[in-house]
Each structure stands twice: as C-alpha cells, then as structure tokens.
Amino acid sequence: MAKDSELWDIICDGPHVPMKKLGETGPMVLKDRKEYSDIDRKVVEKNYRAKKILEALQTAHEGTTQVKWSKIDMLTTEYELFRMKDDESIQDMHTRFTSIINELHSLGDVIPRNSL
C-alpha cells in the first residue's frame, strides 16, 4: 500500500526532480544523472512508473491519437447531420444531441457557440 500512496503523491504533487545546492548560499540546480544517490534513483523510477500509469489511463480513456481523431470525425459528422428522428421525443433528441456535444468536448474538440 505504501508504494501505491507514493505513486499517488507523485501524480498529485508532480515529479520529484533531484536537485543540489551550489555552494553554501548558491541556488538549487538539477543534479547530473551521475550525481544521483540511490534515493534519487528510486524516486526517479517512481516518477517514471507514475507517468506510465497516467499514459495507460489516458490511452484507455481516449484511445490512441488515431482512434481519438477518428472518434472526433465520426462525432462531428453526427453533429453536422443531426436531425430529429421520426419516432423520437424532444427529450430523447436533446439527450442524443447533448451526448454528441459532451463526447466531442471530452475529446478536446469544442463546437463554437455561433455554430450551434
């Protein structure tokens, strides 16, 4: 459980970047990789694992870039050809329209207000 909470801390707080102080009163600067301590190496490894988890979640949620653009194209076409169906209630039509707009928004594609 401790490892999971450490990864979560990295995800919430950002990655740990190994730093060193230049002299007694100098500024903090990045350490060279050859200067990393064992603790620095472990924390950098956790940074890497947290990044891989976030990438996997993003890919699982959005799909690859190609899949994402295919979804955007499909939803844009649905939006452009949107019509009320013969046997559809106003509420159902509104729900379907809202779903298209929300999916486009979640994929990062926003329909300008003046085209609605």
Side-chain angles (χ1 to χ4, degrees):
M1 185 65 178
K3 290 185 185 226
D4 292 339
S5 68
E6 290 170 359
L7 288 175
W8 185 246
D9 289 343
I10 291 170
I11 290 169
C12 291
D13 301 334
H16 170 75
V17 180
M19 305 286 280
K20 66 179 180 182
K21 193 170 197 169
L22 285 181
E24 293 273 328
T25 59
M28 296 294 285
V29 295
L30 293 174
K31 285 184 180 179
D32 291 329
R33 289 180 78 69
K34 63 184 177 199
E35 298 176 296
Y36 285 5
S37 67
D38 288 341
I39 293 171
D40 290 333
R41 291 184 195 288
K42 287 178 183 176
V43 174
V44 169
E45 173 65 24
K46 288 178 188 167
N47 291 346
Y48 177 75
R49 288 186 10 231
K51 182 178 177 184
K52 291 307 243 179
I53 289 168
L54 290 173
E55 287 172 356
L57 287 171
Q58 181 177 10
T59 300
H61 177 70
E62 294 180 354
T64 63
T65 303
Q66 184 177 2
V67 170
K68 179 180 174 179
W69 285 111
S70 293
K71 286 180 183 177
I72 288 172
D73 287 343
M74 179 193 70
L75 290 164
T76 301
T77 301
E78 280 186 53
Y79 167 78
E80 290 170 348
L81 300 175
F82 188 83
R83 299 282 182 266
M84 185 174 185
K85 297 177 181 177
D86 289 337
D87 60 344
E88 187 174 42
S89 70
I90 300 276
Q91 180 62 41
D92 289 343
M93 180 190 76
H94 181 266
T95 301
R96 191 166 51 89
F97 183 76
T98 302
S99 176
I100 292 169
I101 298 300
N102 287 342
E103 285 184 62
L104 280 167
H105 184 73
S106 74
L107 292 168
D109 195 40
V110 179
I111 305 291
R113 278 219 174 273
N114 60 358
S115 71
L116 290 177

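As the structure is a computational prediction, the values presented were derived from the model and not from experiment.
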**Asked** Does Met84 share a hydrophobic cluster with Leu75, counting links as ILVMFWY side-chain heavy atoms below 4.5 Å and allowing steps through other members?
**Response** yes
**Message:** Donor-acceptor pair, distance only, cut-off 3.5 Å: does the side chain of Asn47 make one with the backbone of Pro15?
**Reply:** no
**Request:** Please round to the nearest 0.5 Å and tell me the distance separating atom CD1 of Ile53 and atom NZ of Lys46.
**Result:** 12.0 Å
**Request:** Output the distance between atom CG (Leu104) and atom OH (Tyr79), rounded to the nearest 0.5 Å.
**Result:** 9.5 Å
**Request:** Using atom types as modelled and distance alone, determine if a side-chain donor or acceptor of Ser106 lies under 3.5 Å from a backbone N or O of Glu103.
**Result:** yes
**Message:** If you define the side chain from C-beta out and look only at heavy atoms, does anything of Leu30 sit under 4.5 Å from Pro18?
**Reply:** no
**Message:** Quick one about Ser70 and Gln66 (side-chain donor to acceptor, distance below 3.5 Å, no hydrogens or angles considered), yes or no?
**Reply:** no
**Asked** Hey, are Glu55 and Lys52 close enough for a salt bridge, meaning a charged N less than 4.0 Å from a carboxylate O?
**Response** yes
**Asked** Among the clusters formed by ILVMFWY side chains lying less than 4.5 Å apart, do Tyr36 and Ile10 turn up in the same one?
**Response** no
**Asked** Is the shortest side-chain N to carboxylate O distance from Arg96 to Glu88 below 4.0 Å?
**Response** yes
**Asked** Hey, quick one: are Val44 and Trp8 part of the same hydrophobic cluster, counting side-chain heavy atoms closer than 4.5 Å, chains of contacts allowed?
**Response** no
**Request:** Inspect the surroundings of NZ in Lys51 and state if more than 12 heavy atoms from other residues, nucleotides or ligands are less than 6.0 Å away.
**Result:** no
**Request:** Take atom CG of Leu22 as the centre, draw a 6.0 Å sphere, and report whether it contains more than 12 heavy atoms from other residues, nucleotides or ligands.
**Result:** yes
**Message:** Is it the case that over 12 heavy atoms from other parts of the model lie below 6.0 angstrom from the CD atom of Glu45?
**Reply:** yes
**Message:** Tell me whether the count of non-hydrogen atoms from other residues, nucleotides or ligands lying under 6.0 Å of OH in Tyr48 goes above 12.
**Reply:** no
**Message:** Checking the side chain of Thr76 only, and the main-chain atoms of Ile72 only, is there a donor and an acceptor separated by less than 3.5 Å?
**Reply:** yes
**Request:** Go through the side-chain N and O atoms of Asp92 and Ser89 and say whether any donor and acceptor fall under 3.5 Å apart.
**Result:** yes
**Item:** Side chains of His16 and Asp40 in contact at under 4.5 Å (non-hydrogen atoms)
**Value:** yes
**Message:** I want to check something: taking the side chain as every heavy atom from C-beta on, are Val29 and Lys20 in contact at a cut-off of under 4.5 Å?
**Reply:** yes
**Item:** Distance (rounded to the nearest 0.5 Å) between Ile100 CD1 and Met74 CE
**Value:** 9.0 Å
**Request:** Give a yes or no on this: more than 12 heavy atoms of other residues, nucleotides or ligands lie within 6.0 Å of atom NZ of Lys31.
**Result:** yes
**Message:** Keeping Glu35 on the side-chain end and Asp32 on the backbone end, is there a donor-acceptor pair under 3.5 Å?
**Reply:** yes
**Prompt:** So which heavy atom on Ala50 is nearest to which on Leu7, and how close?
**Reply:** N-CD2, 3.9 Å
**Message:** I'd like to know whether CG of Leu81 has more than 12 heavy-atom contacts from other residues, nucleotides or ligands below 6.0 angstrom.
**Reply:** yes
**Student check: side-chain heavy atoms of Val67 and Lys71 closer than 4.5 Å** = yes
